[in-house]
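Here the structure comes first, spelled out in structure tokens, and everything after it is commentary.
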Amino acid sequence: MPGKLKAKIVAGRHLPVMDRASDLTDAFVEVKFGNTTFKTDVCPKSLNPQWNSEWFKFEVDDEDLQDEPLQVTVLDHDTYSANDAIGKVYIDIDPLLCNEAASVISGWFPIYDTIHGIRGEINVLVKVELFNDLNRFRQSSCGVKFFCTTSIPRCYRAAMVHGFVEELVVNEDPEYQWIDRIRTPRASNEARQRLISLMSGELQRKIGLKVLEMGGNAVVGYLQCFDLEGESGLVVRAIGTACTLDKLSSGSAPNTATHTHPNTAPASNACNSPSKDGKESPLAHGCRSTHNSPVHSACSAQRLSQNFSVSVPTLIFTGMGSGGSAGKEAGPLKTLLRQQTQTALEQREFPFFTLTSFPPGFLVHVGGVVSARSVKLLDRIHNPDEPETRDAWWEEIRQEIKSHAKALGCHAVVGYSESTSICEEVCILSASGTAAILNPRYMREGCLDIGIVDHRFEDPSPPSCGFCHIPYDELNMPFPTQLTYCYHCRRQKVPDVLFTTIDLPPEAAVTGKGCLIQARLCRLKKKAQGEVNATAISNLLPFMEYELHTQLMNKLKLRSMNALFGLRIQISIGENMLLGLASATGVYLTALPAPGGIQIAGKTPGDLSNEHHILTIQKRINDTIAKNKEIYQINPPELTEEVVGSPIPEPRQRSRLFRSHSESSDEVSELDLSHGKKDAFVLEIDDTDAVEDIHSLLTDATIPTGFNSCNTEIMPGIYNWTSAVQMFTSVRVFRLSNANLTNQGLNKIFTDLCENLLKSFYFKLRSMIPCCLCHLNFTVAVPEEELIQVAVTAVAMTYDKDQTQEKPAEKPITKGCIETEEQLQFPMELCADSSSTNTQLSSKISGVQETTNVSSRAASVDYGSFADRCSTWLELLRLKAHTIRRGSVKTSRRTQSLAHSVSSLERSSPVPDGRSRSLRSTRGFGGSSVTVVKMTPLSFLPGTRIIKYLGIINMFFIRETTSLREEGGVSGFLHSFIAEVFAMVRAHVAALGGNAVVSYSMKECVFMENPNKNQAQCLINVSGDAVICVRETDQEPVPSNIGQTCTSETDGAT
Amino acid sequence: MAMELDVFVGNTTIMDEEVYQLWLDGYTVSDAVKVRMEGGVMEECEASADVLLSDTMDQYRTFQMCERLLYSPAKLANQLLFQIPPHRQAILIERYYAFDDAFVREVLGKKLSKGTKKDLDDISAKTNVTLKSCRRQFDNFKRVFKVVEELKGPLVENIRQHFLLSDKLARDYAAIVFFANNRFETGKRKLQYLTFQDFAFCAGQLINNWTVGAVDNMVEDMDVDLDKEFLQELKELKILITDKDLLDQHKSLVCTALRGKTKAFNEMEANFKNLSRGLVNIAAKLTNTKDVRDFFIDLVEKTPSCVGQIHGRHQKLYLQNVSRLKRISSPAYFFPCLSPPPPPADAVISAPPVRTFSVFDLSAVIISSLSASLLESSVCKSDL
């Protein structure tokens, strides 16, 4: 009996009128936990009842505490007939189970009814007393902290990153049980809400157990999703990254630099990794994806197995077997190193990390995007206790991802996520991530703190470009790409473009600003059933993926950028079409070569009028590129004539961008891999489709001045955020009126839909200029045959225009760099920061460059053998050794860390624990004013410091109406539902004593309507981390400030 | 591009003041879009008509959802559905309860009943205020009326606290409630020249001086109903006409006070007797409900023509000094020099001046002579 849950019902307000005769309500409350129910007295004839009940006590297992929500039902007492329910509040008590989070839940909660929405509010007080349980066979995992944030939460330090955790539970969907035919919609909705709440509680508990098993104490980057499989059941699944987190004293939490730097572990600055030499390591860029569609039919054991492998942009990966080459030819030093790393990682089944940004030094090299999709036929889940089928499906996909990563010479996958799209009985499972090489120190116990590193192996790459260096073997490249020497350090090879699913590392050197880049695609599909349908879909997938990448690549070139971060490709299935949407943030990485232009080529060169046409298009493209360079302030430092060519390509040999898969496979063999020059893409106009494509390329609306947009946490090029934030959710559904649409027509509609959405954001948020839309997260769906639904959640943040170009965060950053450098025990010179135009430096750089140039021309020869490679590498080491001043470096490091610990001591006194209580007391019960709760999909709020994480918010709501017209049609219905969801999230956060939600996301928004019946139903699932944050400038924040601060800050948001 | 569904919801509710005004003014979405386009928002932010339409729809929906809360503005502050910064809440409320003078002038003094509501389309046509806006304003009046009807304490203060309105707006609402409750006739042609603000001023004075609340401030309806006792006492003012001595005394007091303070002084002095008689006669009849309703008409119709000539010039001043008179009226013994009735008489007189400076001045003089509250009248003058 390890837990006692206590609840007290204080009062209600704004209750609805339940008795028409008196225009009043006789309300009472039922409090239920597990199978125990308590009731309050009836408070007669009042819309603002004061119950002030006794403490209701539930004595329960901690297992139940984790699984079950506290259910508060408000009813209207009726002497003669059954009592009418007014509404319910589900309170997740998980945050109370962890002593570091909230200690009490107290506040006004909206009373929610799935048919009527919010109907008044109720003031509830909840406490938990936990007893220690030392039973090692326990089934509960109280105390494991969960974070949605996909970086190490601020105010914590990662002592160790254990790795991937996943779990999945299945159940029958109450909506599809026979009983649903006879119960009311309300009862069925409530059954569903409750079931999902239970399932996610169970899921969290199970994941917690796994984390404890691994020796961790927290899950970061927790991503929970549910799949409504309809007839075949309900699946709730979650993935996350298990970590051991140490709490930092509040004073030492990163302050000014917080918002640009997720480095909560200052100590970790200390190490850059003993990692492989990038040159030798197998490395990477590009994208690799496979479609594996073993279609599984329910009736027979027959399996269709179709394997597609596409890897884009330039291509080629066939089977997954081929990828294994990674470490084979490693030199002796490397092997040693690899062993270290691998032992750390490879004992894990899946070396995956759901994190998207990392402590400095953690990420060594980045390969490229790896993704896998698989089309499955759903069948009924017969035994909910053994969800093996679903498990096996995901296992399969993860294996594939793992092998892709291997093929890219990487031992880990970061920025990993999973998703599904379901239409009737067909389901696409997708997983994607970024292949990477990580610093193994975080994976091994103890190493982090001791900091003993075998310096022989230290990677000479400076942090600002190191991650770009290829991890794969140059001779054994996973796909053809053009390698050049890093434009930043001149020492190692980099690919010409880099695609990743992670956030831009804060220390990365970037030229200009970034911007949102989207590729959109619609494909018609014949309506079909079962297996035929699944086959058709899996046949279409590789083409879609290929085209999306083509679009992304073209748009990237058009903006004169060379890298994508935060890439997310979503493919949704509908009955008669497939939708593909790829979003990413384009960036010009200083370390990568300047992208070539785009050249248009006609199929029939003889035709004069055609020629003219092509010329005009070419001119427009060139103009656009030039204009974009200006807009995004991309002025890469002109290094040498060899390096920077004119953006418009000379007629040299080019890589080609082809319109279809089949063509490309023919042509690829023509590519000369040893050719190191950057080149223009050639777009061939061979049919009207191609013309259309180019047009759509050019018609992408430009962003109005004063706005920026990205889908990552950090907007490259903007560093001085001011405090106004406005989080928003927007949903649009478009009905295709035209019965016989072509692919092109559909594409146009879909593109317009997305573009118009962006335009209307810019318009609505015009009062916030200059501002940046961050974390623009688009979700597409095909809810019904002729409908396309796009849902977006993002945050608009203002910044100070005057200083955009500077990095006010420069200090912390450079400090980080220097530290790293020092610990690397290599002199600064090796880290040739692009900004330092010191003459001495530049001369050195040019020296390096000369050699680089030579070798790049003869790359394939020079580095053709291991001996050669090793020797160069050793040379490099020797060179470094000359310039090292070990002694001085070491002392400086020691003093630094000393200074650090002192400062953290000094500042550690205002530990915020006491504060939350005082905060709460100021809020008062009278509820005179409502706590302002800010929400953001990012992991931070600009201008503030997070002083405490209060627990995860994970809520699921269903709303249904049978009077759609009266509620303002579908828009009115959904508008109020979304507003209600926000309100409920805010209320829960406020009740935990928080004033903000970070890493907020709307994971699901399923909308169904039946206008003929005047009905609609919507399901929304949201999650985030409840936090207390204080203004950055307040060293010792006074609680009363908080309200004011927030109020004033949100003002700007209108 | 016509959307099946199109919503945008911000964590902090986004509201454009311009659109809010258009919504309050009862524009349809498409009309509002037109107005906005003409206003030049589009050029300013490179938006298209589609974008504008979608934005307008969103905002209209938001306002509709907020409207429910605006019915009892206190709820707006502690509701959870919309996160609106406090200063913006204040703007929302103030604007929602704002009204058109043209419209209120039409319904002022009418019973706030369903019948009147049915006539709103006529009023809408006449005043050029959209029917939707008329309805909102009418419902606001009715709502305020209903709420304060049941409350004790000062009217203006009640309105201000319950509806979180500014002082000015709360006073205007008090006037509307007061007029609606007493059903003063204001719609006759002869009264057309008076603006709502003129009446509001009168109402303010009447509330402060002629109601029950002026004497006792914890009675129900204290500021809404006229003090019956006081009206009864007014009958005794007849003595000011019948008793020659008192008439003269009255005149001299008034004249002393007013000399040099009004351009209409000479006319007033010449016609003092007629003026005084007209006013006293009106005052004497006020015990009759019907006559209370016709109070303002009577003032215009039944005071001498010379007053008519003056009228219209300085209406703002009329009832300013009623306050003093009222105070005087109850404790009649307060003024030993004059017989108790006279002071009230002046009160009545002072009321009529609605339209004429001279009448006002009469009262002013009397007051000053009685209670040395000349200060008050000079304040009024400065208003001029």
Side-chain angles (χ1 to χ4, degrees), chain A residues 13-14 108-110 118 121 704 725-735 737 749 752-753 756 759-767 787 789 795 927-930 932-936 968-972 974-976 978-980 982-984 986-987 1000 1007 1009 1047-1048 1050-1051 1053-1054, chain B residues 1-20 29 36 41-69 72 74-89 91-92:
Chain A
R13 68 181 182 196
H14 307 162
W108 289 100
F109 292 89
I118 291 179
E121 288 125 36
V725 292
Q726 170 66 289
M727 190 281 292
F728 60 86
T729 289
S730 183
V731 181
R732 283 191 181 183
V733 175
F734 184 75
R735 185 176 287 278
S737 45
I749 287 171
D752 286 350
L753 187 59
N756 284 340
K759 274 191 215 158
S760 83
F761 298 158
Y762 298 140
F763 179 75
K764 276 176 191 293
L765 300 164
R766 63 193 184 282
S767 64
L787 298 182
Q789 176 189 317
V795 64
S928 54
S929 76
V930 179
V932 173
V933 176
K934 294 206 210 180
M935 290 163 64
T936 174
V970 284
S971 297
L974 192 61
H975 192 141
S976 51
I978 294 175
E980 282 166 355
F982 285 179
M984 288 184 277
R986 287 193 302 255
Y1000 169 84
F1007 179 76
E1009 57 165 331
T1047 323
S1048 66
T1050 34
D1051 289 359
T1054 50
Chain B
M1 215 169 167
M3 288 298 154
E4 174 92 358
L5 181 159
D6 179 3
V7 297
F8 177 102
V9 190
N11 182 35
T12 304
T13 307
I14 293 190
M15 293 175 174
D16 183 317
E17 289 183 24
E18 187 201 344
V19 186
Y20 187 49
V29 173
R36 294 184 81 186
V41 215
M42 288 220 299
E43 292 78 49
E44 193 183 303
C45 348
E46 313 164 32
S48 68
D50 276 351
V51 169
L52 215 53
L53 176 69
S54 136
D55 179 58
T56 313
M57 300 252 273
D58 260 324
Q59 305 247 9
Y60 266 53
R61 260 200 312 273
T62 310
F63 300 141
Q64 268 152 28
M65 283 189 257
C66 275
E67 192 167 18
R68 192 168 54 82
L69 299 164
S72 45
K75 268 191 194 165
L76 198 62
N78 61 13
Q79 52 85 31
L80 303 176
L81 190 55
F82 297 103
Q83 186 158 278
I84 308 170
H87 76 271
R88 207 156 270 278
Q89 290 181 12
I91 295 175
L92 280 183

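Since this is a predicted model, take the numbers as computed values, not measurements. Heavy atoms only: backbone and side chains are in, while hydrogens, waters and symmetry mates are out. Labels below follow one simple rule: chain letters A, B, ... track the order of the sequence lines, proteins then strands, and each chain is numbered from 1.
- Across all their heavy atoms, B:Gln79 and A:Glu121 have their closest contact at CA-OE2, 4.2 Å.
- Minimum heavy-atom separation, B:Asn78 to A:Arg13: O-NH2, 2.8 Å.
- In this structure, the portion of B:Asp16 lying under 4.5 Å from any heavy atom of chain A is its side chain and not its backbone.
- Between B:Leu80 and A:Ala987, the shortest heavy-atom distance links the atoms CD1-CB, 4.2 Å.
- Among the candidates A:Met984, A:Met935, A:Gln789, A:Glu980, the residue making the largest number of heavy-atom pairs closer than 4.5 Å to chain B is A:Met935.
- Both the backbone and the side chain of A:Ala979 come within contact range of chain B, with heavy atoms under 4.5 Å apart.
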Derivation and outcome, side-chain contact (heavy atoms from CB on, under 4.5 Å), residues A:Arg732 and B:Ser54 | CA-CA 10 Å; A:Arg732 283 191 181 183; B:Ser54 136; 3.1 Å; yes

Worked check of side-chain contact (heavy atoms from CB on, under 4.5 Å) between A:Ser971 and B:Arg61 | CA-CA 9 Å; A:Ser971 297; B:Arg61 260 200 312 273; 3.1 Å; yes

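- For A:Phe728, the ring pair (Phe, Tyr, Trp, His ring centres under 6.0 Å) criterion is met by A:Phe761, B:Phe8, not counting sequence neighbours.
- Atom OG of residue A:Ser767 and atom CD of residue B:Glu17 lie 10.5 Å apart, to the nearest 0.5 angstrom.
- With a 4.5 Å cut-off on non-hydrogen atoms, A:Glu1009 touches chain B through its side chain but not through its backbone.
- Between A:Leu753 and B:Met3, some side-chain heavy-atom pair lies under the 4.5 Å cut-off.
- Of all heavy-atom pairs spanning B:Leu81 and A:Ala983, the tightest one is CA-CB, 3.7 Å.
- Under 4.0 Å is where a charged nitrogen must lie from a carboxylate oxygen, and between A:Lys759 and B:Asp50 no such pair does.
- Heavy-atom minimum distance, A:Gln726 versus B:Ile14: NE2-CG1, 3.0 Å.
- Closest approach of B:Val7 and A:Ser730 over heavy atoms only: O-OG, 2.8 Å.
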Show the numbers, then the answer: is there a side-chain contact (heavy atoms from CB on, under 4.5 Å) between B:Asn11 and A:Thr936?
-> CA-CA 9 Å; B:Asn11 182 35; A:Thr936 174; over 6 Å; no

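- Contact annotation for B:Ser48: neither backbone nor side-chain heavy atoms come within less than 4.5 Å of a heavy atom of chain A.
- Neither the backbone nor the side chain of A:Tyr1000 comes within less than 4.5 Å of any heavy atom of chain B.
- No side-chain heavy atom of B:Gln83 sits less than 4.5 Å from a side-chain heavy atom of A:Val930.
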